[in-house]
Amino acid sequence: ELADRTKPVNLEADSVTVDDIHKTSVYVGSVVLIQGTMLLRADRIEVSENGEGFNKAVAYGNPVYFRQKRDKVDEYVEGYASRIDMDSKSNMVYLTGNARLKKGEDELRGHTMTYNTTSEVFEARNDPTAAKDPNAPASRVRAVIRPKVKTETPAVAQPPLPLRSTPAPTLVKP
Amino acid sequence: CGFQLRGQSDIPYSSLYIDGNTGSGLVINLKRIIRAGGHKERLAASSKEAERTIQIISEANNKIILSLSGAGRVREYQLQYRVKYRMLTAQAKEILLPTEIVLYRDMSYNDTDILAKGDEEQQLYKDMQTDAAQQILRRIALLHGA
Amino acid sequence: DDNVSLHTATDLIPVSKTDQEGAVFIDADQMDESKNQQVNARGNVELRRNKGVLTADEVHYQADTDTVQATGNVNLKQQGLTVTGPALELQMGKQIGNMTQPVFELDSAAVASKFTNMSLTPRGNADILDFVGENQYRLKNAAYTTCPVGNDDWYLRVKELDIDNTRQVGTAHSAVLEFKGTPILYTPWMDFPLDGSRRSGLLAPTFGTTSKSGSEFSIPYYWNIAPNYDATITPRLMTKRGTQLGTEFRYLTSTYRGILDGDFLADTQTQTNRWRFFGAHDQVFAPGVTGHFVYQRVSDNDYFRDLSSQISATSLTNLNQEAVVSYQADWWRAAVRVQQYQTLQDPNAPVIPPYKRLPQLTWQAMTSTDNGLDINVNTELTRFDHPTLITGTRFVAYPSVAMPLINQFGYITPKVGVHYTDYVLNSTPANPAENSSRTLPIMSVDSGVYFDRDVNWFGGHYQQSLEPRAYYVYIPYTDQSALPNFDSAVMDLNYSQLFTENQFIGSDRINNANQLTLAMTSRLLDTETGLERIRFAVGQRLYFTPQKVTLPNGVASNDTSSDLLASLGGQINQAWRAEAAIQYNTQLNETVRNSFTASYRPEPGKVMNFSYRTISGEINQIDLSAQWPIAPRWYGMMRYNYSLMDKRVVEGLAGLEYNGGCWAARGVFQTIATAANVSSTSFFIQLELNGLGRLGSNPLDALKLSVPGYTNSNEIK
């Protein structure tokens with residue numbers, strides 16, 4: 001949700017190496033990052049901060065798992081990818097490497113994806129290089145979407161015309 | 001010359017059910033032959049109880065002009081009787097593919113005896129129905145034996 | 001923990017209601033989601049839904065309205081329809097939407113197999129395709145054909161074409177038929193089957209010429225009053241006779257159906273009004289109670305000879321007018337009938353009109369008792385009426401009991417019955433008569449034995465049967481010369497008659513009998529299929545006392561035996577069928593009647609029939625008919641029925657048919673004898689468009705009647 005940005009960030013990992021000069025820290029080993037309803041679980045996360053605190057994180061995993069609750073809707077968005085980049089300033093999440101995104105009952109798969117956490121809008125793209133490599137499997141983006149037609153009464157199919165059959169041929173006439 | 005008395009009766013099954021419209025001469029004939037000689041038990045009341053069911057798929061009578069007199073009046077008709085039937089097991093599994101029997105009878109005709117010729121026509125159709133009934137049962141007996 | 005055992009779910013998981021809309025699967029190179037929950041996909045997009053598959057360059061799917069917009073070589077396949085076009089908008093669930101410049105094709109596989117093996121690929125294009133509900137499409141400015149792609153021989157250009165894929169019917173509003181580029185027909189309304197079934201609403205103009213009415217042109221108008229009522233009004237212009245108006249009204253409900261059909265012509269040649277009426281009605285009043293009503297009448301004796309060119313009509317002499325109500329119970333049947341005929345006299349061959357039966361009551365029963373007795377009762381009460389001959393009422397009752405003794409190799413069936421007849425006659429000065437009755441016992445014994453043997457013949461193994469049969473009948477003689485003859489005549493001598501008690505059909509004459517019929521039948525049964533291949537039969541009846549009973553002004557004969565009957569023939573193999581039959585008078589050593597028929601039908605479209613028939617003193621005719629491919633796509637048809645006795649062609653027919661892949665054109669020339677030394681010749685041309693209907697006069701009926709085994713060229717695989 002939008003309020004996550006104001007929430008504190010806490011991180012757990014097996015080990016961490018901090019580089020104060022470049023203001024980066026690298027967490028390694030079943031790393032979990034939580035900020036409000038947003039959760040990120042990966043094998044390795046590199047976090048870099050600017051003055052006002054956390055603004056960029058790059059997570060690697062097999063796959064990296066991302067989850068966040070949607071704003072004002074009791075529904076979660078979940079994402080998987082080999083690499084997930086998060087930019088809190090632009091509220092963008094970048095998933096690359098057989099990325100998968102689930103939003104309610106809808107599901108999306110593709111090579112690279114972007115998801116805007118404020119507008120809750122995603123964008124997915126296939127792997128352009130695969131198109132050139134003939135023996136690589138075709139890289140495509142796949143989506144499964146459940147129609148959400150408002151529950152007005154379904155259109156009553158107009159009654160089929162009663163079947164018209166011609167009289168049986170036994171009525172022989174000259 | 002090799003002929004012996006027919007050894008095996010035309011009704012090789014313990015019970016048979018005839019599935020066809022009861023008014024049809026063929027169905028009445030089949031039932032009569034199966035029941036003949038007091039073997040009422042051979043005629044099952046429903047396809048469930050019967051070891052085999054003979055299903056009459058379709059019957060058709062057709063009359064075509066065979067020859068005209070020099071004056072263009074009909075002199076001969078050919079009556080055609082066509083019946084399509086198959087045989088099912090008690091579990092309604094088809095074990096005899098639908099086959100068709102086509103029989104022909106020629107009949108002379110003249111306009112003055114139209115009433116008599118109408119009765120004669122019915123008699124010939126009855127005769128073809130009896131012939132078809134015997135052919136059906138004969139075929140089933142032969143296939144059962146084979 | 002208990003291990004989870006996997007077992008296959010045998011029944012299909014029913015698609016739940018929510019799944020009814022079904023999930024939408026989208027596959028694309030690139031996809032994004034805009035604000036209002038609309039997914040946009042680009043790059044050879046494929047969208048799949050339980051009702052269809054859509055492919056396009058770009059697809060926008062709006063989840064909350066379940067609407068898809070597609071642009072860029074759009075291709076949609078759903079339920080028997082494949083349509084391509086530049087752009088599409090469709091609410092997939094409700095199937096409401098439209099498509100521009102559609103090129104459509106109906107699933108021809110389902111079409112061809114269902115009704116005929118006619119090759120049909122219903123396809124076409126249009127300006128706009130509207131989806132107007134499940135399986136309902138409307139095409140604006142459409143072109144429709146059933147020709148395969150690449151063959152544009154004919155197109156139906158329609159302002160508005162409705163396709164109903166549920167009822168498999170296409171309805172065209174204001175359509176122009178274009179054949180090889182030239183428009184040949186305009187019709188304001190027309191419906192046609194999409195599944196190749198016979199019913200076609202296209203009622204197109206017919207043109208032809210006949211010697212009796214000159215060239216004729218008729219254009220039917222089809223009025224689709226209601227789903228189960230329709231009418232066809234056909235004005236028919238004839239150069240020699242003027243305009244005839246024909247109407248046909250048909251009605252059909254669950255309990256009754258019928259047809260009312262009539263024509264009217266102010267005949268300029270005969271300066272008379274000539275009309276025809278035909279009505280037929282069948283009804284089920286209650287379970288087992290059925291009614292059948294037929295009424296036919298024409299204005300004059302030569303009506304059919306002058307105005308029709310079909311043998312089945314021109315050869316009619318007696319037009320049946322009948323009403324029957326019958327009840328069928330399980331072992332008995334009762335019927336009330338009223339029947340009379342309009343007799344059309346031919347001056348050179350006058351005919352005595354038949355009796356009227358006003359009314360006839362019949363009651364028949366057939367049942368068998370537990371101890372194996374077959375009981376049969378026929379009763380009939382008929383009041384016979386006639387303009388000139390004697391009239392009266394006749395009651396007939398003929399109960400009989402038979403005891404069939406049957407085992408696997410033979411049977412003996414003794415039968416005994418009493419035939420009682422009573423006449424109450426209207427004596428007139430012209431026909432003096434007094435009432436009389438007749439009671440005759442009828443006894444018969446039928447017996448037969450079956451012998452079988454296996455035999456190998458031409459490589460196939462068969463079972464040959466030998467079935468001798470003996471049939472004895474005893475009926476004492478009683479003088480019946482005083483009795484009238486309402487409905488009796490001598491039956492043809494054939495195998496069925498050899499084993500009947502009375503050689504007179506009808507109830508006015510019962511022949512005296514002390515006779516024995518001996519017959520032998522031998523059948524060759526194919527042991528694999530059990531089908532009867534060839535049948536040989538011979539039979540004759542021996543009279544131990546001479547036949548004394550005759551029809552009025554008949555001659556008693558003291559022959560000691562009937563003619564000998566012999567026949568040999570059957571379906572020799574899949575292609576050949578042949579039969580020879582002879583009736584030989586052993587007293588005078590001459591053949592009374594014989595026939596030889598053979599037909600060769602190797603495959604559909606190849607038919608040859610030959611028959612030679614003689615009835616001494618009456619008929620001596622040769623009959624040849626054939627349909628044969630004479631060149632690629634060309635078929636020739638012919639019939640030559642020549643009466644050697646009358647030295648004239650009774651029926652001649654020559655026809656040519658060209659099959660253009662998705663259409664067929666036929667031309668048929670026919671000459672038939674319609675009266676003593678009068679014949680009528682006619683010429684038909686017809687164009688048939690596969691699956692759409694037939695244009696031009698209809699030689700098909702003539703061909704099917706005159707060339708047994710004839711197959712439309714567009715129905716030959």
Side-chain angles (χ1 to χ4, degrees), chain B residues 1-11 22-23 28 32-33 35-40 64-76 96 99 101-102 104-108 110-120 123-124 126-128 130 135 138-143 145-146, chain C residues 311-312 314-315 317-318 328 330 341 346 348-349 351-352 354-355 366 368 370-372 374 404-409 449-453 463 466 487-489 491-492 494 496 500 505-506 525 527 530-532 595 613 615 618-619 621 623 643 645-646 648 650-651 672-676 679 705:
Chain B
C1 51
F3 280 106
Q4 307 108 11
L5 281 174
R6 181 165 297 173
Q8 178 229 18
S9 101
D10 262 359
I11 324 283
T22 51
I28 292 168
R32 193 173 53 77
I33 298 173
R35 226 188 8 241
H39 295 284
K40 262 210 176 336
I64 61 167
I65 297 172
L66 201 50
S67 60
L68 295 171
S69 71
R73 304 292 103 207
V74 176
R75 270 299 161 272
E76 276 179 306
L96 186 59
T99 10
I101 293 181
V102 183
Y104 303 92
R105 293 290 191 276
D106 298 350
M107 175 184 118
S108 75
N110 67 60
D111 292 303
T112 39
D113 307 332
I114 186 165
L115 299 185
K117 287 296 171 184
D119 296 347
E120 187 172 355
Q123 183 157 333
L124 286 173
K126 266 203 195 66
D127 180 65
M128 285 195 269
T130 316
Q135 275 196 37
R138 186 80 205 101
R139 176 164 184 234
I140 289 167
L142 203 63
L143 291 180
Chain C
I311 316 179
S312 50
T314 58
S315 61
T317 307
N318 291 304
Q328 170 83 45
D330 45 15
Y341 292 90
D346 167 5
N348 334 39
V351 166
I352 310 157
Y355 272 94
M366 185 153 87
S368 53
D370 290 345
N371 44 32
D374 280 357
L405 304 167
I406 293 179
N407 68 8
Q408 70 271 23
F409 59 81
V449 188
Y450 303 116
F451 296 94
D452 295 321
R453 71 174 177 180
Q463 185 181 66
L466 210 57
D487 63 2
S488 280
M491 265 176 71
D492 284 352
N494 52 41
S496 143
T500 53
I505 190 86
L525 300 172
T527 39
L531 293 175
E532 181 180 294
S595 76
R613 325 185 56 75
I615 302 179
E618 276 186 54
I619 285 183
Q621 285 181 338
D623 190 347
S643 161
M645 213 170 69
D646 308 311
R648 66 186 288 223
V650 178
E651 184 196 349
I672 44 175
T674 51
S679 62
L705 270 174

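Throughout, protein chains are lettered first and strands after them, A, B, ... in sequence-line order, and every chain is numbered starting at 1.
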Sort [X] into side chain, backbone, both or neither according to what part of it lies under 4.5 angstrom from a heavy atom of chain B.
X	value
C:Ile619	side chain
C:Thr314	backbone
C:Ser496	both
C:Asp330	neither
C:Tyr355	both
C:Met366	side chain
C:Asp487	both

Q.
Shorter than 4.5 Å, heavy atoms on both sides: which option in B:Gln123, B:Lys117, B:Met107 has the most such pairs with chain C?
A. B:Gln123
(Q) Tell me which of these, B:Leu115, B:Thr99, B:Ile28, has more heavy-atom pairs under 4.5 Å with chain C than the rest. (A) B:Leu115
Let me know if [X] has heavy atoms under 4.5 Å from chain C in its side chain, its backbone, both or neither.
X	result
B:Leu96	neither
B:Asp111	both
B:Gln135	side chain

Q: Could you walk me through whether C:Met491 and B:Asp119 pass side chain to side chain contact (heavy atoms under 4.5 Å, CB included), step by step?
A: CA-CA 10 Å; C:Met491 265 176 71; B:Asp119 296 347; over 6 Å; no
Specify the closest pair of heavy atoms between [X] and [Y], including all atoms of both residues, with the distance to one decimal.
X	Y	result
B:Ala116	C:Ser488	CB-C, 4.1 Å
C:Phe409	B:Arg6	CB-O, 3.4 Å
B:Ile65	C:Ser315	CD1-OG, 3.7 Å

Q | CA sep, side-chain torsions, deciding dist, call: B:Leu5, C:Tyr450, side chain to side chain contact (heavy atoms under 4.5 Å, CB included) | A | CA-CA 6 Å; B:Leu5 281 174; C:Tyr450 303 116; over 6 Å; no
Q. Taking it one step at a time, do C:Arg613 and B:Asp106 satisfy side chain to side chain contact (heavy atoms under 4.5 Å, CB included)?
A. CA-CA 11 Å; C:Arg613 325 185 56 75; B:Asp106 298 350; 3.2 Å; yes
Q: Return yes if a side-chain donor-acceptor contact under 3.5 Å exists between B:Arg138 and C:Gln463, otherwise no.
A: yes
(Q) Between C:Asp623, C:Val351, C:Asp374, who has the most heavy-atom pairs with chain B when the cutoff is under 4.5 Å? (A)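 Highest number of heavy-atom pairs under 4.5 Å: C:Val351.
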Q. Rounded to the nearest 0.5 Å, how far apart are CD of B:Glu76 and CG of C:Asp492?
A. 8.0 Å
Q) In Å and rounded to the nearest 0.5 Å, what is the CD to CG distance from B:Glu120 to C:Asn494? A) 7.0 Å
Q: With the side chain counted from C-beta on, respond yes when C:Thr317 and B:Ile114 share a heavy-atom pair under 4.5 Å apart, and no when they do not.
A: no
